[in-house]
Amino acid sequence: MTLFTVDLASRAFLGMAQELKDTLRLPKTEFPMRAGLAQREPGRVAHWDKIGLYGRIQKKNAGRPAFVLHDGPPFTNGDVHIGTALNKVLKDTVNRYKSMRGFRTPYVPGWDCHGLPIEQKVSREIQEKKLTLTTAELRAKCDAFAEFWIGKQTGQFKRLGVIGDWDRPYKTKDPAFEADILRTFAAFIEKDLVYRSKKPVYWSIPFETALAEAEIEYKDHVSPSIWVRFRVAESEGEKIRKIFGCEMPAGKPCSVLIWTTTPWTLPANLAIAVHPEVEYVLVDLGSECVIVAEPLLGAVLSALEAQRRKQAPTAPASTDDAQSAAAHGPQTATVIAKVKGAGLEHLNTRHPFIDRASPIVLADYVTTDTGTGCVHTAPGHGSEDYQTGLKYKLEIYCPVGDDGRYVDDGRIPPDLVDLTTLETVEDLAAKKTSPANIAVLRKLASNHSVFAQQKLTHSYPHCWRSKTPIIFRAVDQWFVSLDKHGHRAIALREIEKISAHQGWVPAWGEARIRGAVESRPDWCISRQRSWGVPIPAFYDDKKKAYMDADVARAIADKFARHGSNLWYDATAAQLLEGVKLPASWPSPSTLTTGRDTLDVWIDSGSTHAAVLRHNQGGTHWPADLYLEGSDQHRGWFQSSLWTGVIAFDQAPYKGVLTHGFIVDKNRQKISKSSTYQKPQTSDSYVSQHGADVIRLWIASQDFRDDMPVDDEILKHVGEAYRLFRNTFRYQLSNLFDFDPREAVPVAQMDTLDRWALHQTAVLIRECTAAYDAYEFHRVYQLCNQFCSVTLSATYHDILKDRLYTLGTNSPLRRSSQTALHHIFNAVVRILAPVLAFTTDEAWAYFTAQAEYSDDSIHLQSWPVPATDWTNAEIEADVATLLRVRAMVNETIEPQRAAGKLGKSLDAAITISGAADSAEFRVLEKHRDFLPELFIVSHVTLGSATGVALHVHVRPCSELSFKRCPRCWRWVPAMESSSHGDVCPRCAEALKA
RNA sequence: GGGCUCAUAGCUCAGUUGGUUAGAGCACGCGCUUGAUAAGCGCGGGGUCGAUGGUUCAAGUCCAUCUGGGCCCA
């Protein structure tokens, strides 16, 4: 039974080996190798709540200077998006770092609660249930909707490890907050910046209400498409000659041709816009002359030709009629002259059926794709028209009432008054155009102003509820003047002041916000919505508006006590009860309240006033930092700047940090990506990868640029996470029998340990600089390199021999443990702001040998390297030795490939080199340390002159060496011990 | 169309005032180890630095143009 015998022998051998192995100080820890983040992180969130971590962090730094990162409020209408998660985690990382640096870091999270998206969602729901609610009831439902999502989002943010004053956040819908919004607005009124003016909005005629972009559906629509003559008055003859530099054909009428698909807007025409750079031609068509853009002349002539054919069979010629002449078409179209649009500016034409001029103006948005290049401009009926109207100081004229009918303003022709611009659903079905359109067309035809007429099917905005085409219509709005008292100049100066202290991160943020501030027109702050802060305006029976700063403040006080629904529940008289009114106001009983609410950018722009000005949660004003996506240069950064400058003469922040947006692996925005159809919620990522991996991913990339995310990237971050986790685990497990009281003074430490401390000191310095510059990706790279190269592949690998095999209290072993203790302390702290969960877990095992402890890594201070850690001489020596180590490895590798060697410990090395070379001298200096450093059993140094360093490798088995069964090193001779023959070093260790 | 901005190995990042064959980690390939073991170690392959043109003795680095992304406007 030979097999049996062999088995017995091997069992005996294994038994002996096991016995020897038990004499080693092998690593020991409960800190799990497998993180199980998705499952175990929620436990730590609960633990932090239990020990009141946020409060304890604030207490720890009580009395210290504060670093206030003011939270930009996310909108409360759904789950936390991964982009919002990115933003919150960056803020949390900053706060945790600053806190460890000794700053008090009050962080009051907030929510932006008002606004259209919520109102719309709630409205749709109400519509589906066919309910009829009062405004106050609708607002109560919006409030409940917002509150629901605040609850959900709070949980999702906490799940990400974001720490803050979650029990006392700010909400823009809170009565006290709404009051502060009004008080901020009162400052605008007080400085006389608020004025009333018309501005075009999308208007639903059936509902008599303004619509937002989101409430509009684009659908195909058949519209009249007409070319209309605007006659150039005879009196302009001299000007025409000047412009075109030629004589006008005698006796021929001259017109500028416009093109439109909304004839009903023609009564509001106040100008014709041309492009300054486009060439315009004066064309002789035989019986008349017209002016059109040169690139569109062909299209205009085609339209004319089509018109001629259409009319030829039915309309007999009558030569004295211009309309008829056009119908028959010219035999020739002769270009008389040509001029750039800019030359036509201020040329006057006559409105086709109202007695007034319509001057030529210039506009860059004029295209030569369709039409005539001469754009009918009605500042009260179009956004671009409105802009042009402002530029040329034209009236923002809108002769159409709330009900969509022409009003009798004394300027509208009597036969048009009261006609509606509405096309009902029935009209649409019958392909019938509006009465207003029909009447205008008839008027144009009657005085021969129609040059050509067709029908056009195109995409046109419709009201989402009534399904009828919307109209663009100027209505009264409230505006804030930004130039009246030089606030724009002050804002720009504040931007520069921040820049002087490197407050814009990245620096180009300054250019970005400057551009936004410089180009911003006066702020239209009224919205025809319900879910918002009511504008404290009152109206008399003649619709005259009354607004006053003190009254607004008095209303604010009432809102603070009763909530803003008071505005909808109470009459004007009730609201104004006990309020001292300005002398010019009529009796409150004759007043009614306005229906407009404030632009939500006033809400969020007032957060610094509502939170920081009251030192809520221990904050202060101005904030040290605002941190949001780069879209906020035009949004929150700007609205906050304006409110700060207008209400408090100063920017509400000292620094502004911006980050990019999350994109897919091809750096395309995620919504465009076909691979990302799944919901991009924070929870969907956290539940799959764990918050710490998501946090590490956020830290790993330069967030100033766009941040790509996909499975491959997250997988790599997961690998890096494991590297950090295993680094902690190695250190914790090898410190199982180390008491910090046994720490070895640095001066008495081993060379390699001192080298490791030197590297750690460098790491701390570089990571500190990186954190200070908000370059978290540098921290990631530095730690990654440190853990993988400096520690895992070098220091930790070399240390195993001494940690496992030397006597427990051997000075060398204790030296290394002391170093590991210091290094762990440094690395765990450096990574704490990023790996909030894992570092806290490691810290609990480090300090309490348990998964949780009452202490927390987040209560610790930032690591500071002791001055004696830095040692340039040791660093230089070991750097040299490590270069030789690389040569040794290169030399070993072929032998390994050839099967002559397995582990490096089986190798004996001979190094030869010039005795007088610096390299060789370092080798000699550290001669005894070399085998350990190279992780080989034996090193021989041989000097020669003028020879480059050369490494020679032989398997120890070829020498007459024996392998110590305990430490696996090959030695020339063994000694006997209590556990049989071992090497002299092990024999010594076994005695201890 | 305008403003701001980005572009270096498969991925994430370094590349100093322009100056030797462009670096690191991860990933990948091939081995080793089995006393960090759902770990660890070694070696290796891999980049026309988005494209084109220019300045210069010399350009990833400076200039111009273009291409492709992103954010914000129109």
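Just so it is clear, the structure is predicted and the values come from calculations on it, not from any experiment. A note on names: the letters A, B, ... follow the listed sequences, proteins ahead of strands, and every chain is numbered from 1.
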Original post:
Looking at residues 630-641 of chain A, who's got a heavy atom less than 4.0 Å off RNA chain B?
Top reply: A:Ser630, A:Asp631, A:Arg634
**OP:** Could you tell me whether A:Lys91 and A:Glu628 make a salt bridge, using a distance below 4.0 angstrom between a side-chain N and a carboxylate O?
**Re:** yes
**OP:** Would you mind building the protein contact string for nucleotides 36-45 of chain B? One character per nucleotide, 5' to 3', B for base within reach (heavy atoms under 4.0 Å), S for sugar-phosphate only, - for untouched.
**Re:** BSBSSSBS--
Subject >> Consecutive-pair stems (3 or more, Watson-Crick or G-U, under 3.5 Å) for RNA chain B >> reply: B:1-7 with B:67-73, B:10-13 with B:23-26, B:28-32 with B:40-44, B:50-54 with B:62-66
**OP:** Hey, which sits more toward the 5' end of RNA chain B by its nearest nucleotide, A:Gly660 or A:Glu719?
**Re:** A:Glu719
Original post:
Charged N to carboxylate O below 4.0 Å: is that the case for A:Glu719 and A:Arg722?
Top reply: yes
Original post:
Rounded to whole angstroms, how far apart are CG on A:Asp706 and P on B:rG70?
Top reply: 8 Å
Original post:
With rounding to whole Å, what would you report as the distance between B:rA14 and B:rG25 at their P atoms?
Top reply: 16 Å
Subject >> Interatomic distance at P, B:rC57 relative to B:rC73, whole Å >> reply: 48 Å
Original post:
Does a salt bridge link A:Arg802 with A:Asp753, judged by any charged N lying under 4.0 Å from a carboxylate O?
Top reply: yes
Quick test: give all pairs of protein nitrogen or oxygen and nucleotides 9-12 of chain B nitrogen or oxygen below 3.5 Å, distance rounded to 0.1 Å.
from, atom 1, to, atom 2, distance (Å)
B:rU12, O2', A:Ser700, O, 2.8
B:rU12, O2, A:Gln781, NE2, 3.0

Original post:
Which part of the nucleic acid does A:Trp968 contact within heavy-atom distance under 4.0 Å: base, sugar-phosphate only, or nothing?
Top reply: base
Subject >> B:rC11 to B:rG47 separation - P atoms, rounded to the nearest Å >> reply: 14 Å
Subject >> Test item: side-chain donor near acceptor, A:Thr658 and A:Tyr626, under 3.5 Å >> reply: no
Original post:
How close or far is atom C1' of B:rG68 from atom CG of A:Asp664, stated in whole angstroms?
Top reply: 14 Å
Original post:
Do the charged groups of A:Asp981 and A:Arg963 touch, with an N to O distance under 4.0 Å?
Top reply: no
Subject >> Integer angstrom distance from the C1' of B:rA9 to that of B:rG18 >> reply: 23 Å
Subject >> C1' gap between B:rC62 and B:rC49, integer Å >> reply: 16 Å
**OP:** Using the P atom on both, measure B:rU48 against B:rG31 and round to a whole Å.
**Re:** 28 Å
Original post:
Could you state the CG-P distance from A:Asp710 to B:rC26, rounded to the nearest angstrom?
Top reply: 19 Å
Original post:
Whole Å only: how far is the CE atom of A:Met707 from the P atom of B:rC6?
Top reply: 16 Å
**OP:** Rounded to the nearest angstrom, tell me the gap between atom CG in A:Asp22 and atom C1' in B:rG35.
**Re:** 11 Å
**OP:** Tell me whether the guanidinium CZ or amine NZ of A:Lys962 lies under 6.0 angstrom from the six-membered ring centre of A:Trp970 and within 45° of its axis.
**Re:** no
**OP:** Report the distance from atom CD of A:Glu518 to atom P of B:rC4, rounded to the nearest whole Å.
**Re:** 11 Å
Original post:
Angle class for the A:Trp843/A:Phe846 ring planes (parallel below 30°, perpendicular above 60°, tilted otherwise)?
Top reply: tilted
Subject >> Separation of B:rG23 C1' from A:Leu782 CG (nearest whole Å) >> reply: 14 Å
Original post:
NZ of A:Lys900 versus P of B:rG31: gap in Å, rounded?
Top reply: 19 Å
**OP:** Report the relative orientation of the aromatic rings in A:Phe824 and A:Phe728; use parallel for angles under 30°, tilted for 30 to 60°, perpendicular for over 60°.
**Re:** perpendicular
Subject >> B:rG50 versus B:rG68 - spacing of their C1' atoms, nearest Å >> reply: 8 Å
Original post:
Under 30°, 30 to 60°, or over 60°: which ring-plane class applies to A:Phe31 and A:Tyr845, parallel, tilted or perpendicular?
Top reply: perpendicular
**OP:** Taking atom C1' in both B:rG1 and B:rA22, compute the distance separating them and give it to the nearest angstrom.
**Re:** 39 Å
Subject >> Test: A:Asp664 and A:Arg667 ion pair at under 4.0 Å >> reply: no
**OP:** Decide yes or no on ring-ring contact (aromatic ring centres under 6.0 Å, His included) for A:Tyr721 and A:His689, but give the supporting numbers first.
**Re:** CA-CA 11 Å; A:Tyr721 173 82; A:His689 303 277; over 10 Å; no
Original post:
So, is A:Lys21 close to the B:rG35 phosphate, meaning a side-chain N or O under 4.0 Å from OP1 or OP2?
Top reply: yes
**OP:** Before accepting this row, confirm whether a basic side-chain N of the pair A:Arg896/A:Glu893 lies closer than 4.0 Å to the acidic partner's carboxylate O.
**Re:** yes
Subject >> Of A:Phe703 and A:Val789, the one whose closest RNA chain B nucleotide lies more 5' >> reply: A:Phe703
Tell me which donor-acceptor pairs under 3.5 Å the side chains of residues 508-525 of chain A have, and how far apart each pair is, sequence neighbours excluded?
from, atom 1, to, atom 2, distance (Å)
A:Glu510, OE1, A:Ser499, OG, 2.9
A:Glu510, OE2, A:Arg514, NH1, 3.3
A:Glu510, OE2, A:Arg514, NH2, 3.2
A:Arg514, NH2, A:Glu496, OE2, 3.1
A:Ser519, OG, A:Gly515, O, 2.8
A:Ser519, OG, A:Arg634, NH2, 3.4
A:Asp522, OD1, A:Leu482, N, 3.1
A:Asp522, OD2, A:Tyr195, OH, 2.6
A:Trp523, NE1, A:Asp599, OD2, 3.0

**OP:** With heavy atoms under 4.0 Å as the rule, sort A:Arg514 into base, sugar-phosphate or nothing.
**Re:** nothing
Original post:
Quick one: do A:Glu775 and A:Arg704 make a salt bridge, cutoff under 4.0 Å?
Top reply: yes
Subject >> Residues A:Glu30, A:Arg729: salt bridge by 4.0 Å N-O rule >> reply: no
**OP:** Report which part of the nucleic acid A:Pro965 touches: base, sugar-phosphate, or nothing (heavy-atom distance under 4.0 Å, all strands).
**Re:** base
**OP:** Sequence neighbours left out, what pairs pass ring-ring contact (aromatic ring centres under 6.0 Å, His included) with at least one residue falling in residues 781-805 of chain A?
**Re:** A:Tyr730-A:His796
